[in-house]
Amino acid sequence: MSEHIEQPEERQRRLARLQQLQSEGRDPFAIERYERTHLAQEVVDASADHWTLPEEEAKALSFRLAGRVTSQRSKGKTAFYDIRDGSGRIQLYIRKDDLGEQAFEDCLALDLGDIIGVEGFAFKTRTGEPSIHVREIALLSKPLRAVPFGKIDAEGKVHSGLSNVEDRYRYRYLDLLVNPEAKAVLTKRCQIVSAMRRFLDGEGFLEVETPTLQEVAGGAAARPFMTHHNALKHDFKLRISLELPLKRLIVGGYDKVYEIGRVYRNEGIDTQHNPEFTLMELYQAYANLEDVMELVESMYASIAQTVLGTTVLEIQGETVDFAQRPWKRLPMLEGIHQNAGIAPEEMTNLETAKAACERIGVPFALEKENTLGGLIEKLHEVYTQPKLIQPTFITDFPIETSPLAKKRPDNPALTRRFEVYIGGAELGNAFSEINDPIDQRERFEGQLAQRAAGDDEAHPMDEDFIRALEYGMPPTGGLGIGIDRMVMVLTGAESIRDVILFPLLRPGH
RNA sequence: GAGAGUAUAGCUCAGUCGGUAGAGCACCGCCCUUUUAAGGCGGGUGUCCUGGGUUCGAGUCCCAGUGCUCUCACCA
């Protein structure tokens, strides 16, 4: 196992250098601030004014920058260093006859990762590289561990450095420091969340916060985490969705609310799942499923335009344009008919549906399927979902798997629900919400029966929620979007861990 | 939860038939006043994941364990 923790000799060397500086009264950790006049990118920028000045005037200018040493190339009585700050990289040019013996020796004693401040003037080398000709240099922080900056070749490809997958997640600060692509993706995530907030605020939604510690963890099919409150001597569950508190707020008279928050599901970990992930849910009174579809379409287009600068993306070899509306709508049973060759008439009861599955030779075990709705969703996932590269709303989910969505008036086996798919991934889930307390109670009771039959992810009864509905909730459209998945699609990330700053890892290091 | 792969220097990795540890980068020393994956000369810094076993001898073979990666199951 690779470890940046144990590097005794490296550490000893750096510690000795630090102690030497401290004994000379030059403790870098005693420094509190460094006045900067420029960021690296501002100096490098080809259109910057300082590049047009005559040489003498250019030399008279003063630039003060600070950053990490990422590369050093010493050549006897001169040396080139690269430093990087939040804006980018710039080269430093250092001459012994400018700095004097002591300062030049100090420079040669620098390590990759040292944080320095420099003062000098801007010029371009013979090869045309924008650089700072350094007149003063100050060590601002001395790392005691080797910072694994790799080498960057002519194509900009990073060599060595930090590539071990586990280390990248475990020591994310190093990943951010030495792998620019990793930082770019994670920064985009933050910008996507910010753009989503601005979009929803602009649509008149109010951002609210609801409890993460709950007596009944509902709103989704998942096993919760448990925790304990000492003073109340009571076990609470961590929320698995945002749904039920938000709908209580609709009952309370808020017409448009949303929450962006962390939820926790006690499930396995893989490239698509992290036990804690971020969900955005919104509820809009007096709106139905079709209203929510339009909201999803314009929200995606808005966020993509804001963060990526375009609504057109290449996803799995296909060109996808979020701005091309309306997105496709496809009833689930129709999708299964097209992609699996099982007609809707065959899926009116579990026996005929299973027979049809045997006819086409499904690649999963039929014994485990004990509800018609569950089997239909399974067929959808296996046969239809991988083909949904272009943005598509799958509608008319079976009632057994949709305990919070209104029934279709013309077919009570199906619900007023959609999931939105892009690039074969499920990116949103929406209902015309049940506001009939009698219907809601029956649905929960149906879930309790499934739970009794061994499904420990079936929805629990929530008496207080039904009580809220009994005081009256307007017709309401609701939407849930998994932020992490959405970021994966928008950034092309292959693992959910690449879009979470600190993904959950097994403890023990 | 199941299966497969993998674990050697700070990092990335090689290590043949079982014979006592190797490369590049990083690091240390010397040289070099516009280099850029700078270059030249010299230096190996190691609990070969852990614990057993086979053997005269194990990085290598066997057993068990652990971490990680991938696939599957569950899920968004």
Side-chain angles (χ1 to χ4, degrees), chain A residues 1-14 70-82 89 91-99 104 108-109 111-113 123-129 131 133 145-170 174 178 219-223 240-241 263-280 363-365 368 377-378 381 419-421 425-429 455-457 480-486 488 494-497 505-509:
Chain A
M1 221 168 324
S2 53
E3 279 290 344
H4 300 278
I5 300 258
E6 301 303 331
Q7 10 179 351
E9 304 203 3
E10 180 73 21
R11 196 182 161 86
Q12 283 307 316
R13 208 193 92 246
R14 288 161 180 264
T70 59
S71 167
Q72 44 188 335
R73 301 174 292 283
S74 77
K75 293 172 45 68
K77 297 188 178 62
T78 69
F80 291 90
Y81 288 82
D82 291 347
R89 183 198 72 93
Q91 174 169 272
L92 307 178
Y93 177 52
I94 290 163
R95 296 171 62 100
K96 188 173 185 177
D97 51 14
D98 289 336
L99 288 186
F104 192 73
L108 295 184
D111 290 302
L112 293 189
F123 79 110
K124 286 186 180 170
T125 63
R126 275 177 203 157
T127 55
E129 168 128 8
S131 309
H133 190 128
R145 300 173 188 275
V147 181
F149 285 112
K151 295 224 165 185
I152 301 170
D153 67 18
E155 287 93 55
K157 194 179 166 208
V158 177
H159 294 260
S160 76
L162 181 76
S163 61
N164 178 284
V165 176
E166 195 208 346
D167 285 352
R168 286 190 42 220
Y169 300 136
R170 196 172 292 282
L174 288 180
V178 307
R223 280 173 295 180
I240 59 173
S241 86
V263 299
Y264 307 85
R265 299 189 183 174
N266 213 332
E267 303 288 351
I269 300 172
D270 59 37
T271 56
Q272 305 291 312
H273 299 86
N274 195 60
E276 54 177 313
F277 64 101
T278 305
L279 209 51
M280 187 287 289
F364 54 86
K368 289 165 65 180
E377 272 206 42
K378 182 86 180 171
E381 282 166 25
E419 283 187 351
V420 58
Y421 292 85
E426 192 225 307
L427 291 176
N429 183 18
D455 179 1
D456 54 5
E457 291 181 353
I481 287 184
I483 298 290
D484 313 83
R485 294 273 176 86
M486 178 180 188
M488 287 173 71
E494 288 176 2
S495 169
I496 197 167
R497 291 174 160 191
L505 298 171
R506 191 182 297 269
H509 282 259

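Values reported hereafter were calculated over all heavy atoms of this structure, with side chains retained and with hydrogens, waters and symmetry mates removed. Quick caveat: nothing in here was measured; it's all calculated off a predicted structure. Letters A, B, ... mirror the listed sequences (proteins, then strands); counts begin at 1.
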When you compare B:C17 with B:C56, how far apart are their P atoms, in angstrom units rounded to a whole number?
22 Å

May I ask you to say what A:Ala220 touches in the nucleic acid, namely base, sugar-phosphate or nothing, with a heavy-atom cut-off under 4.0 Å?
nothing

Would you classify A:Glu267 as touching base, sugar-phosphate or nothing, given that sugar-phosphate means primed atoms plus P, OP1 and OP2, and contacts are heavy atoms under 4.0 Å?
base

Check every atom of B:U35, B:U33, B:C28 against the side chain of A:Thr78 and return the nucleotide holding the closest atom.
B:U33

With heavy atoms under 4.0 Å as the rule, sort A:Asp484 into base, sugar-phosphate or nothing.
nothing

Expressed in whole Å, how much space separates the P atoms belonging to B:A38 and B:C25?
10 Å

Describe the nucleic acid contact of A:Arg89 in one word from base, sugar-phosphate, nothing, applying a heavy-atom distance below 4.0 Å.
nothing

If you only use heavy atoms from C-beta on, which nucleotide in B:C74, B:U36, B:C27 is closest to the side chain of A:Asp270?
B:C74

Between B:A14 and B:A21 - C1' atom distance, rounded Å:
11 Å

If you assign each of A:Ser495 and A:Asn429 to its closest nucleotide in RNA chain B, which residue comes earlier from the 5' end?
A:Ser495

Tell me which nucleotide among B:A38, B:C27, B:U36 gets nearest to the side chain of A:Leu112.
B:C27

Nearest-Å distance once atom P is located in both B:C63 and B:U6
14 Å

Pick base, sugar-phosphate or nothing for A:Glu494, based on heavy-atom distances below 4.0 Å to the nucleic acid.
nothing

Just compare B:U35, B:U33, B:A76 and give me whichever is closest to any side-chain atom of A:Thr125.
B:U35

May I ask you to verify whether the side chain of A:Glu129 and the base of B:U34 hold a donor-acceptor pair under 3.5 Å?
no

Stacking between B:A38 and A:Phe80, yes or no? Criterion: centroid separation under 5.5 angstrom, plane angle under 30 degrees.
no

Taking the minimum atom-to-atom distance to the side chain of A:Lys378, which one of B:A38, B:C74, B:C28 wins?
B:C74

When the C1' atoms of B:G46 and B:G59 are considered, how many whole Å apart are they?
11 Å

What interatomic distance, in whole Å, is found between P of B:G15 and the corresponding atom of B:G19?
14 Å

Pick the C1' atom in B:U12 and in B:A4, then give their distance to the nearest Å.
24 Å

Base, sugar-phosphate, or nothing for A:Glu457, non-hydrogen atoms under 4.0 angstrom?
sugar-phosphate

Sugar-phosphate only, base, or nothing, as touched by A:Asn274 at under 4.0 Å among non-hydrogen atoms:
base

Paired with B:U12: which nucleotide, if any, by Watson-Crick or G-U wobble criteria at under 3.5 Å for both distances?
B:A23

Could you work out the separation of B:G18 and B:U55 based on their C1' atoms and round it to a whole Å?
9 Å

Hey, does the side-chain of A:Arg126 have a donor or acceptor N/O within less than 3.5 Å of a partner on the base of B:U34?
no

Of the listed nucleotides (B:U69, B:U35, B:U33), which one gets closest to any side-chain atom of A:Asp97?
B:U33

Partner of B:U69 by Watson-Crick or G-U wobble geometry, both contacts under 3.5 Å, or none?
B:A4

